[in-house]
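See below for the structure under consideration.
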Amino acid sequence: MNGEATSNNPVDEPVCITVPVDQSFKPHTDKPRAVLIGANNGMASMIFLAEALRDRHDAHWKPLVFLESGPAFPFRMRPSTIIVDGMPDGVIAGLSVLDEQGIPSRLSSPADLPGCYEGSIVDLADAWLATLNNDTLKEVELFVCGPTPLLKSTAKVARKFGVVCQVSMDK
């Protein structure tokens with residue numbers, strides 16, 4: 001996934017932008033609903049971006065972090081104290097350090113961990129995005145960091161909902 005990828009529809013077309021590993025994401029202030037999706041080594045990038053958005057004052061940022069891990073997470077997870085409308089029932093596990101900062105997060109794992117979404121983090125993001133109305137979707141920008149299959153499946157979801165997506169491969 002190099003450069004920008006668009007489809008044949010030039011009007012209101014979502015764009016997937018590949019961000020080189022040595023550069024940072026460039027959030028658009030007109031899209032303050034930043035949905036951050038990370039897996040494997042990409043989880044750290046999404047946590048860092050969420051904290052950076054929290055500290056910015058150029059828009060009313062509303063980051064939502066989705067993280068995926070295999071058998072276990074490399075951090076303490078707990079039931080989130082932050083309600084996220086549109087989440088599937090029972091998906092309440094979040095990252096405690098983000099929760100303490102007022103940043104909502106939800107976790108996904110195929111290992112049947114309590115409170116986690118059972119399946120792909122992209123499937124969870126897809127299900128959550130499907131609950132949003134068109135006006136809210138216009139405020140959404142997806143950011144994703146992880147392995148290539150995650151980047152490709154997130155780009156498909158971005159096209160499905162007509163939202164901008166920035167992708168960066170983890171190392």
Side-chain angles (χ1 to χ4, degrees), residues 16 19 21 24-27 31-56 59-132 136-137 139-158 160-161 163-171:
C16 283
V19 179
V21 172
S24 60
F25 290 105
K26 301 202 181 336
K31 307 223 176 271
R33 293 182 181 271
V35 177
L36 316 176
I37 300 170
N40 301 336
N41 294 336
M43 289 190 290
S45 295
M46 296 298 93
I47 294 166
F48 176 80
L49 179 56
E51 292 172 336
L53 289 173
R54 180 206 60 214
D55 294 339
R56 287 177 55 165
H60 184 62
W61 296 104
K62 300 174 185 171
L64 172 58
V65 181
F66 291 115
L67 301 174
E68 180 178 334
S69 186
F73 284 91
F75 47 75
R76 196 178 111 216
M77 52 184 259
R78 69 172 187 207
S80 179
T81 60
I82 303 170
I83 294 172
V84 178
D85 291 333
M87 274 299 133
D89 290 341
V91 178
I92 59 169
L95 178 56
S96 59
V97 68
L98 290 177
D99 216 53
E100 291 163 2
Q101 298 176 64
I103 301 170
S105 64
R106 291 299 182 268
L107 307 178
S108 166
S109 174
D112 193 27
L113 298 175
C116 291
Y117 181 79
E118 290 184 41
S120 161
I121 199 68
V122 178
D123 290 343
L124 176 57
D126 185 327
W128 180 76
L129 288 165
T131 69
L132 303 180
T136 303
L137 281 171
E139 298 178 353
V140 171
E141 183 168 19
L142 301 179
F143 299 86
V144 60
C145 187
T148 301
L150 176 70
L151 306 181
K152 288 181 178 181
S153 58
T154 302
K156 286 181 185 177
V157 169
K160 175 180 175 180
F161 290 100
V163 299
V164 174
C165 176
Q166 296 188 38
V167 301
S168 179
M169 282 184 155
D170 63 11
K171 288 186 173 185

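Atom set for the values below is all heavy atoms of this structure, side chains included, hydrogens, waters and symmetry mates excluded.
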Just to verify, which of [options] counts as forming a side chain to side chain contact (heavy atoms under 4.5 Å, CB included) with [X]?
{"X": "Leu107", "options": "Ser69, Ser80, Cys116", "value": "Cys116"}
{"X": "Leu142", "options": "Leu36, Val164, Val35", "value": "Val35"}
{"X": "Leu132", "options": "Val163, Leu137, Asp85", "value": "Leu137"}

Where do [X] and [Y] come nearest, in terms of heavy atoms and distance?
{"X": "Ala39", "Y": "Leu150", "value": "CB-CD2, 3.8 Å"}
{"X": "Val65", "Y": "Ala50", "value": "CG2-CB, 3.6 Å"}
{"X": "Gly102", "Y": "Pro104", "value": "O-CD, 3.6 Å"}
{"X": "Ser168", "Y": "Leu151", "value": "O-CD2, 3.7 Å"}
{"X": "Met43", "Y": "Gly38", "value": "CG-O, 3.7 Å"}
{"X": "Cys165", "Y": "Val144", "value": "SG-CG1, 4.2 Å"}

Could you tell me if the side chain of [Y] sits less than 4.5 Å from the side chain of [X], heavy atoms only?
{"X": "Tyr117", "Y": "Pro88", "answer": "yes"}
{"X": "Phe161", "Y": "Val140", "answer": "no"}
{"X": "Lys160", "Y": "Leu129", "answer": "no"}

Could you state the interatomic distance from [atom1] ([X]) to [atom2] ([Y]), rounded to the nearest 0.5 Å?
{"X": "Ile103", "Y": "Ile47", "atom1": "CD1", "atom2": "CD1", "result": "9.5 Å"}
{"X": "Phe25", "Y": "Leu49", "atom1": "CZ", "atom2": "CG", "result": "6.5 Å"}
{"X": "Lys62", "Y": "Leu53", "atom1": "NZ", "atom2": "CG", "result": "13.0 Å"}
{"X": "Phe73", "Y": "Glu68", "atom1": "CZ", "atom2": "CD", "result": "7.5 Å"}
{"X": "Asn40", "Y": "Ser45", "atom1": "CG", "atom2": "OG", "result": "11.5 Å"}
{"X": "Thr81", "Y": "Asp99", "atom1": "OG1", "atom2": "CG", "result": "3.5 Å"}

So does [Y] get a backbone contact from the side chain of [X], meaning a donor-acceptor N/O pair under 3.5 Å?
{"X": "Arg106", "Y": "Val91", "result": "yes"}
{"X": "Ser105", "Y": "Leu95", "result": "yes"}
{"X": "Thr131", "Y": "Trp128", "result": "yes"}
{"X": "Glu141", "Y": "Pro27", "result": "no"}
{"X": "Asp126", "Y": "Val157", "result": "no"}

Discussion item. Checking Glu118 now: which residues fulfil side chain to side chain donor-acceptor pair (under 3.5 Å) with it, not counting sequence neighbours?
Written reply: none

Practice prompt. Report yes or no: do Thr136 and Arg33 form a side-chain donor-acceptor pair below 3.5 Å?
Written response: no

Discussion item. Is it the case that over 12 heavy atoms from other parts of the model lie below 6.0 angstrom from the CZ atom of Phe75?
Written reply: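 Yes, because the 6.0 Å sphere around CZ of Phe75 holds more than 12 heavy atoms from other groups.
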
